[in-house]
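Given the structure is predicted, the values throughout are model-derived calculations rather than measurements.
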Amino acid sequence: MESYNIIFHVNELDKWSMTLANVSNLLIDLADKDVEVIVLANGAAVRYYKTESTEADIEKLTALSEKGVHFTACNNSLKAQNLNKEVLHPFVNIVPAGITELVRKQHEGYAYIKP
Amino acid sequence: MESYNIIFHVNELDKWSMTLANVSNLLIDLADKDVEVIVLANGAAVRYYKTESTEADIEKLTALSEKGVHFTACNNSLKAQNLNKEVLHPFVNIVPAGITELVRKQHEGYAYIKP
Amino acid sequence: MESYNIIFHVNELDKWSMTLANVSNLLIDLADKDVEVIVLANGAAVRYYKTESTEADIEKLTALSEKGVHFTACNNSLKAQNLNKEVLHPFVNIVPAGITELVRKQHEGYAYIKP
């Protein structure tokens, strides 16, 4: 089976809406394929992961997480904004440095998409 | 002959001007090389392809198309904005899902550029 | 030793702050690795390289340059803005066409990051 690995990069809060739409469409389009999707947030975009966020589409975020999308946050960005694991959705993975994750995954063959 | 494959991603209307300038410069710079250029528009950026667009640089778009640049639109984005093939320039290709095209082309070795 | 090659693309002045933060974090995170970082500026972003820029964080730019980061400017963009080598920091490299550089480096295996 053809396999697709993709890492989405979102570093601004106002790009989340498009990012989630892009991910949803991709999963529908590749429903019969082996797909691995990571969404890597750094900069201000990590605030979207807060359980108390009023702007986040939590329903869509949760649904995509349940479909296997790996939502990931850069710890440097969390620290810069005085956020920690406790205030984020439990399904969010934290990596020490978001940019390193983007580099590593591209070297592993992931396609890079910046919505 | 060295060969270059590039896919440009544009998802905002105000990024078209820079995108077309980038593509033009690339074609001039690689004039003696084998170059394949795709411009993939999704999101609001697909509106730039409308024949009735008042903001588009139709002359430049047409000229680049005649030089072999593949202007492509995401059908999910067209549907979301109630647009169809009939209102777009005839040289615009439509793909079912723009993000899948970006992923596929990167897996085929295309360089990805987000202007 | 594992080796990491990365090219950052910045084409807007207001993306420099995040770009430099991303590069700094990457160098810290990969301090024990073999890392090659290019920052490619085109479009309006090349103005950040002016020695007389009032908005640039010249201290950080210089420090990163001294750590081996290759700050690069697109000559098409410089010409479009009536700038030349003389008004830029001496550590800035100039390439004829920025987009070609982004394409070439990706083909050489560099990861592409658009902050």
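Close approach to chain C, defined as a heavy atom under 4.5 Å from one of its heavy atoms, is seen in B/Asn22, B/Asn25, B/Leu26, B/Asp29 of residues 21-29 of chain B, taken by number. Residues of residues 103-115 of chain C that come closer than 4.5 Å to chain B, counting heavy atoms only, are C/Val103, C/Arg104, C/Gln106, C/His107, C/Tyr112, C/Lys114, ordered by residue number.
Put simply, CD1 on C/Ile99 and OH on B/Tyr4 are 14.0 Å apart, with the number rounded to the nearest 0.5 Å.
For the salt bridge (charged side-chain N to carboxylate O under 4.0 Å, His left out) test, no residue two or more places apart in sequence or in another chain qualifies with B/Glu36. Scored by the ring pair (Phe, Tyr, Trp, His ring centres under 6.0 Å) test, C/Tyr48 finds C/Trp16 as partners (sequence neighbours excluded).
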